Amino acid sequence: MGCAAEAQTPPAGSETPTGTPTTSVSPTTTTPVSPTATATRQSISVQLNPDSVTAGETSTVWILANCPEPSGGPAHTGTATSRAFLSGVSLAPATSATASPAATGSPSGAWVRGQAQVSGTVKRGSYRVDVKCDGTNHVGRATLRVTRADPLPSDVPTRAPRAGGGGTFGQEVDESSSLPLGGVGLALGLAMAVGIGVAVKRRSRS
């Protein structure tokens, strides 16, 4: 008797596994957003007294700045600089609200002030004045004008009149006149009159 081997085939409708399925997850990278700080210096009010000076003259200018009072220990001071100034100017708190000069038409609050010297060699033009508050880093600016001297009025005499005596005081003397005027002329006239009177008297006696 012979043995026959038959190959077993899977029944119809059954699935044959072909491998183990794998699940791949790709990681997503996210970039963190960091906040950016945009700190800007606040502007303050700055006044100049006076805000205009004359070229060719050494002048004094007051700088007044509305610097807020700092907290935490820094001093309430400021610094002013300009090309028109001989040097930088330190600004200190005003001792009194009624101190002269005082700020006008500006926000109320703490004010610092100081004096600057403007040299007579500064040329005419407009010069920027920058102020920085030392305790809070607030900044501000103003404009200083350097102008030329005003011309003399046309009705002002450029030559002083000669002073005479009597009614001729303050009147111009005619340079072409050969007779002197004023007190000297009056004295000579009196002397001549007296001389003529004496001569006439002597003739009448003779």
Side-chain angles (χ1 to χ4, degrees), residues 21-160:
T22 58
T23 303
S24 61
V25 179
S26 59
T28 57
T29 304
T30 58
T31 304
V33 179
S34 59
T36 57
T38 58
T40 58
R41 294 181 177 179
Q42 299 185 21
S43 179
I44 60 170
S45 175
V46 178
Q47 293 186 9
L48 304 177
N49 189 357
D51 60 359
S52 176
V53 296
T54 303
E57 300 178 0
T58 301
S59 307
T60 300
V61 176
W62 279 95
I63 305 103
L64 299 99
N66 189 214
C67 287
E69 294 186 12
S71 59
H76 184 211
T77 57
T79 304
T81 56
S82 175
R83 292 175 52 196
F85 297 164
L86 291 175
S87 60
V89 181
S90 297
L91 308 180
T95 57
S96 174
T98 58
S100 179
T104 58
S106 294
S108 60
W111 287 82
V112 292
R113 64 178 188 169
Q115 276 185 314
Q117 295 293 325
V118 180
S119 173
T121 59
V122 175
K123 297 181 180 180
R124 289 180 296 164
S126 298
Y127 294 85
R128 193 175 73 184
V129 178
D130 293 309
V131 173
K132 177 184 176 183
C133 303
D134 297 335
T136 60
N137 287 334
H138 287 62
V139 294
R141 67 179 53 170
T143 301
L144 175 68
R145 293 183 299 111
V146 180
T147 61
R148 65 179 180 180
D150 295 333
L152 292 175
S154 58
D155 56 348
V156 175
T158 58
R159 180 177 169 187

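In this text the structure is predicted, and so the values were computed from the model without any measurement.
Across His76 and Pro68, no two heavy atoms sit closer than the pair CD2-O, 3.6 Å. Residues Pro74 and Ser71 share a closest heavy-atom pair of CD-O, 3.7 Å. Of all the heavy atoms in Pro101 and Leu64, the pair that sits closest is O-CD2, 3.6 Å. Contact record, Ala75 with Pro70: O-CG, 3.7 Å, taken as the closest heavy-atom pair. Residue Val61 comes nearest to Val53 through the heavy atom pair CG2-CG1, 3.8 Å, listed as atom of the first residue, atom of the second, then distance. Smallest separation of non-hydrogen atoms from Ala84 and Val122: O-CG2, 3.7 Å.
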Take Ile44 and Cys133, measure what side-chain contact (heavy atoms from CB on, under 4.5 Å) needs, and give me the verdict at the end. CA-CA 9 Å; Ile44 60 170; Cys133 303; 3.5 Å; yes
Between Asp130 and Arg128, is a salt bridge (charged side-chain N to carboxylate O under 4.0 Å, His left out) present by the stated rule, with each step listed? CA-CA 6 Å; Asp130 293 309; Arg128 193 175 73 184; 3.2 Å; yes
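Taking the side chain as every heavy atom from C-beta outward, Leu48 and Ile63 approach each other to under 4.5 Å.
Formation of a donor-acceptor pair under 3.5 Å by the Asn66 side chain with backbone atoms of Ala110 is found in this model.
For the atom pair CG of Leu86 and OG1 of Thr58, the computed distance is 7.5 Å after rounding to the nearest 0.5 Å. For the atom pair OG1 (Thr77) and NZ (Lys132), the distance works out to 10.5 Å, reported to the nearest 0.5 Å.
Screening Leu144, Thr54, Thr60 for a side-chain contact (heavy atoms from CB on, under 4.5 Å) involving Val118 leaves a single residue, Leu144.
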